[in-house]
Number of protein chains: 4
Amino acid sequence: MPNEKGPDHSRRKERSRQAILAATRALVAEEAYEKVTVEAIAARAGVGKQTIYRRWPSKSAIVFAALLALSEDTDGQSVALPDTGDLEADLKLVMRATAEEFADPSFDRLIRALNTEISNDAALAAEYREKLVQPLEAAKKARLRSAQDAGQLDADADLDLVLEVLYAPLFQRWLHRSGPLSATYADSLVDVTLRAFGP
Amino acid sequence: MPNEKGPDHSRRKERSRQAILAATRALVAEEAYEKVTVEAIAARAGVGKQTIYRRWPSKSAIVFAALLALSEDTDGQSVALPDTGDLEADLKLVMRATAEEFADPSFDRLIRALNTEISNDAALAAEYREKLVQPLEAAKKARLRSAQDAGQLDADADLDLVLEVLYAPLFQRWLHRSGPLSATYADSLVDVTLRAFGP
Amino acid sequence: MPNEKGPDHSRRKERSRQAILAATRALVAEEAYEKVTVEAIAARAGVGKQTIYRRWPSKSAIVFAALLALSEDTDGQSVALPDTGDLEADLKLVMRATAEEFADPSFDRLIRALNTEISNDAALAAEYREKLVQPLEAAKKARLRSAQDAGQLDADADLDLVLEVLYAPLFQRWLHRSGPLSATYADSLVDVTLRAFGP
Amino acid sequence: MPNEKGPDHSRRKERSRQAILAATRALVAEEAYEKVTVEAIAARAGVGKQTIYRRWPSKSAIVFAALLALSEDTDGQSVALPDTGDLEADLKLVMRATAEEFADPSFDRLIRALNTEISNDAALAAEYREKLVQPLEAAKKARLRSAQDAGQLDADADLDLVLEVLYAPLFQRWLHRSGPLSATYADSLVDVTLRAFGP
DNA sequence: AAGTAAGCGAGACGGTACGTCATGTCTTGCG
DNA sequence: CGCAAGACATGACGTACCGTCTCGCTTACTT
């Protein structure tokens with residue numbers, strides 16, 4: 001039995017909440033992050049500033065929640081990676097898709113904003129890891145473990161390390177804009193990883 | 001030919017320039033980056049705000065210049081990596097040193113500030129690559145090329161890719177605080193890289 | 001003819017009404033008027049804000065109603081001034097009492113609040129005159145008329161003017177804090193008035 | 001020798017100060033006082049809000065300063081009342097002028113605002129008395145003293161009281177809108193006063 | 001005694017203005 | 001003449017109230 005004293009305003013709450021998160025995503029996607037103001041979010045969402053500050057303590061937290069909500073929508077489906085039995089093919093598929101994703105300008109701005117926030121706020125970083133990264137990593141590790149069982153990957157390999165070798169170069173290239181995120185590049189990361197951790 | 005009309009104010013200029021950069025480094029090292037204000041820098045440096053804005057167009061640029069100046073001081077010495085002939089040993093030495101560096105809190109804040117700026121400003125990112133990253137990468141590649149000549153590394157390996165596999169995982173761990181930056185970890189990155197790109 | 005559909009909730013209505021007016025008086029008496037908020041009144045009265053706005057259109061109106069209610073309680077008794085036959089003695093009694101009243105701090109704040117409102121809102125001023133001032137003035141004029149009949153006051157005197165000469169100096173001194181509201185002062189106002197309007 | 005360390009920015013200061021005071025007077029004259037916002041004053045004056053808050057702590061203080069400045073402009077000339085030797089004629093002239101002044105709508109709003117402030121802030125009231133009221137009262141008393149010397153006024157009369165009897169009824173009528181401020185009314189106040197305090 | 005509907009407390013909401021803070025520009029007089 | 005000092009216009013911040021709007025719950029009357 002829930003211990004809720006007051007009346008239930010959940011319908012209004014939910015409506016304004018969604019309006020705020022949608023407005024935030026729209027603004028972050030279309031402008032530089034520092035130019036996104038809480039006032040602009042409120043105006044775009046058709047909401048008073050106080051309604052925002054009642055729920056979130058800072059712009060970081062709003063942006064974070066906005067992105068979090070985005071992925072929570074698609075939770076059920078996306079947590080499993082393809083497993084055709086061919087590890088190399090499966091990984092290349094995923095890595096090419098990831099590389100393409102980073103190339104989308106509005107996605108780019110969203111993720112840069114997110115990275116800026118979590119880089120400068122350890123608490124947000126922890127929440128980010130727990131809610132977004134870990135579920136995804138669990139799915140990836142499941143695929144790798146299946147590959148280990150099939151003898152396509154060193155059975156003793158540290159899967160965290162495998163994932164880092166696979167993804168970190170792509171991430172760093174994107175963050176520092178230090179090179180093209182081509183399909184070829186995605187493929188070579190898979191090749192390198194398999195050479196390093198192959199049986 | 002220098003302008004010989006007036007007195008030589010270059011000494012004052014240089015003195016105030018150094019004071020500003022030092023004050024910036026001190027402030028960025030001791031506080032969260034967003035809390036560092038131009039006014040605080042001016043006050044700490046004993047300088048008028050206009051003297052800062054006359055030289056740099058934005059806070060990003062000041063911070064960037066402050067860090068740039070830091071590494072320019074040690075340019076001559078640091079551009080060469082050790083080359084004992086033992087690639088694995090040399091790399092482990094360097095990687096362990098790098099991992100330790102990231103653990104220093106004031107260095108941590110400086111580099112996080114820098115990363116935030118270059119992640120959100122492509123022009124700064126380009127300058128950063130040109131002035132700081134490329135000289136360092138050139139030195140690293142020189143060491144790798146020496147290893148290729150010695151037959152310790154695949155002669156066809158893409159050295160940019162080698163460097164990414166070596167450094168990007170460490171960088172990502174630090175940025176996202178997703179794991180310890182231990183000597184053991186530094187060593188395994190070298191091991192992985194050598195397995196992937198060994199002859 | 002009353003609407004006979006529903007039950008009569010007048011008891012609840014009356015109770016909350018009184019609670020609101022009492023809370024308003026208490027707050028206005030104990031704090032600066034601008035710091036009295038509708039929210040505070042509602043909280044103090046243990047009442048929802050809507051219950052207030054259902055009855056009154058503005059804070060002014062509430063405060064006004066609160067003071068109005070205060071004097072309506074004592075209506076029956078207070079509308080007659082003493083008439084001992086000695087005009088001077090009677091007026092001095094009343095004027096001294098008035099002067100003392102203004103000295104009471106909580107009364108002071110209430111009346112200042114009221115004056116602020118009616119000074120800036122002509123409609124409220126009209127209502128104030130009709131409901132509070134005129135009954136009182138009627139009583140005062142009755143006493144003066146009795147004095148005229150007794151030959152103690154010029155039979156042609158404009159009684160409105162007499163009352164102004166008698167009361168306005170006291171009121172202005174209080175409003176502008178431009179001098180003490182002593183019994184001596186009250187007495188001299190009576191003396192002046194009688195000299196001006198005596199037979 | 002003044003103890004002023006920094007450079008003298010008095011020209012800019014004075015320009016913005018005058019702009020603020022003028023804008024304040026304009027706004028208070030054209031709208032209800034509660035609807036005058038600091039933001040509107042700043043906008044109208046072409047000035048930042050901070051420039052206002054750097055000088056004055058509250059809206060009251062600005063409005064007060066604005067009105068104060070208004071009368072300080074005309075200080076030199078206005079401090080003397082006419083003295084033709086005919087007290088009654090001189091006073092009627094002044095009282096009629098005063099009554100007319102109160103009828104001007106923009107003056108009305110300004111003075112109502114001022115009265116609201118000084119009624120609710122004792123410190124402001126004191127400053128108001130010192131800077132505006134007392135010089136004026138001194139001038140009025142000088143005229144009355146001249147009348148005493150000429151035997152047109154009781155030599156023992158308390159001049160403060162005389163002034164109150166003369167002006168307070170007019171002021172109260174205006175504040176409470178309790179009657180017309182006609183020339184006839186102005187005249188009767190003079191008549192009453194002379195009857196009360198005549199020789 | 002149970003049913004019913006008006007009124008209520010609670011408090012979230014869209015807004016407006018507040019007073020503060022940092023930015024980047026402009027001005028003045030000192031050194 | 002260049003600089004420190006700092007005032008300035010601008011614009012976002014986060015807070016406080018405003019007056020409006022639901023939401024169950026309470027209450028007083030009806031059946």
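Please read these numbers as outputs of a predicted model, since none were measured by experiment.
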Asks: Examine F:dC8: is either OP1 or OP2 under 4.0 Å from a nitrogen or oxygen in the side chain of D:R54? Give yes or no.
Replies: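 Yes, within the criterion.
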Asks: In whole angstroms, how far is the P atom of E:dG9 from the CZ atom of C:R44?
Replies: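 Distance, rounded to whole Å: 16 Å.
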Asks: Assuming nearest nucleotide by heavy-atom distance, tell me which of B:G46 and D:S16 is located more 5' along DNA chain F.
Replies: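 In this pair, the answer is B:G46.
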Asks: Pick the closest DNA chain E nucleotide for B:K59 and for A:R17 by heavy atoms, then say which residue is nearer the 5' end.
Replies: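 Checking each residue's closest nucleotide, the 5'-ward one belongs to A:R17.
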Asks: Send over the distance from D:E34 CD to F:dC18 P, rounded to a whole Å.
Replies: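 Going from D:E34 (CD) to F:dC18 (P), I get 13 Å.
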Asks: Given atom CD of D:E39 and atom P of F:dT15, what is their separation to the nearest angstrom?
Replies: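 These atoms are roughly 17 Å apart.
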Asks: In whole angstrom, what separates A:E14's CD from F:dC23's C1'?
Replies: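 After rounding, the reported distance stands at 16 Å.
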Asks: Give the nucleotide from the list E:dG9, F:dG19, F:dG14 with an atom nearest to the side chain of C:T51.
Replies: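 Shortest atom-to-atom distance from the side chain points to E:dG9.
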Asks: Output yes when at least one side-chain N/O atom of C:R15 is less than 4.0 Å from OP1 or OP2 of F:dA28, else no.
Replies: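 Answer yes for this pair, as a side-chain N or O of C:R15 is under 4.0 Å from OP1 or OP2.
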Asks: Inspect the contact between A:R44 and A:E30 and indicate whether a charged nitrogen and a carboxylate oxygen are less than 4.0 angstrom apart.
Replies: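 Salt bridge flag = yes for A:R44 with A:E30.
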Asks: Report the nucleotide, chosen from F:dT15, E:dT23, F:dA4, that has the shortest atom-to-atom distance to any side-chain atom of A:Y53.
Replies: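 Of the candidates, F:dT15 comes closest.
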Asks: Write down the distance between CD1 (B:I41) and C1' (F:dA5), rounded to a whole number of angstrom.
Replies: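 Result: 17 Å.
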Asks: Taking the nucleotide of DNA chain F with the nearest heavy atom to each, does C:Q50 or B:R55 sit closer to the 5' end?
Replies: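 This one resolves to B:R55.
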Asks: Are any of the side-chain heavy atoms of A:T116 and A:N120 separated by less than 4.5 Å?
Replies: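 Counting from C-beta outward, A:T116 and A:N120 do come under 4.5 Å.
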Asks: Side chains of C:L67 and C:Y128: does their closest heavy-atom pair fall under 4.5 Å?
Replies: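 No; the side chains remain at least 4.5 Å from each other.
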Asks: Answer yes or no for D:K59 and D:Y33: cation-pi contact, defined as NZ/CZ to six-membered ring centre under 6.0 Å and angle to ring axis within 45°.
Replies: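 Relative to the ring axis of D:Y33, which defines the angle, D:K59 lies inside both limits.
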Asks: With sugar-phosphate meaning primed atoms plus P, OP1 and OP2, does C:K49 contact a base, only sugar-phosphate, or nothing at under 4.0 Å between heavy atoms?
Replies: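 Base, at least one base heavy atom under 4.0 Å.
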Asks: Salt-bridged, A:E127 to A:K131, with N to O below 4.0 Å?
Replies: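 Yes, this pair counts.
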Asks: With respect to the side chain of A:K13, which nucleotide from E:dA22, E:dC18, E:dC13 is positioned closest?
Replies: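 Output: E:dC13.
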Asks: Using atom CD1 of C:I62 as one end and atom P of F:dG19 as the other, report the distance to the nearest whole Å.
Replies: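 For the pair C:I62 CD1 and F:dG19 P, the rounded distance is 8 Å.
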Asks: Without decimals, in angstroms, what is the distance between A:I20 CD1 and E:dG15 P?
Replies: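 Result: 12 Å.
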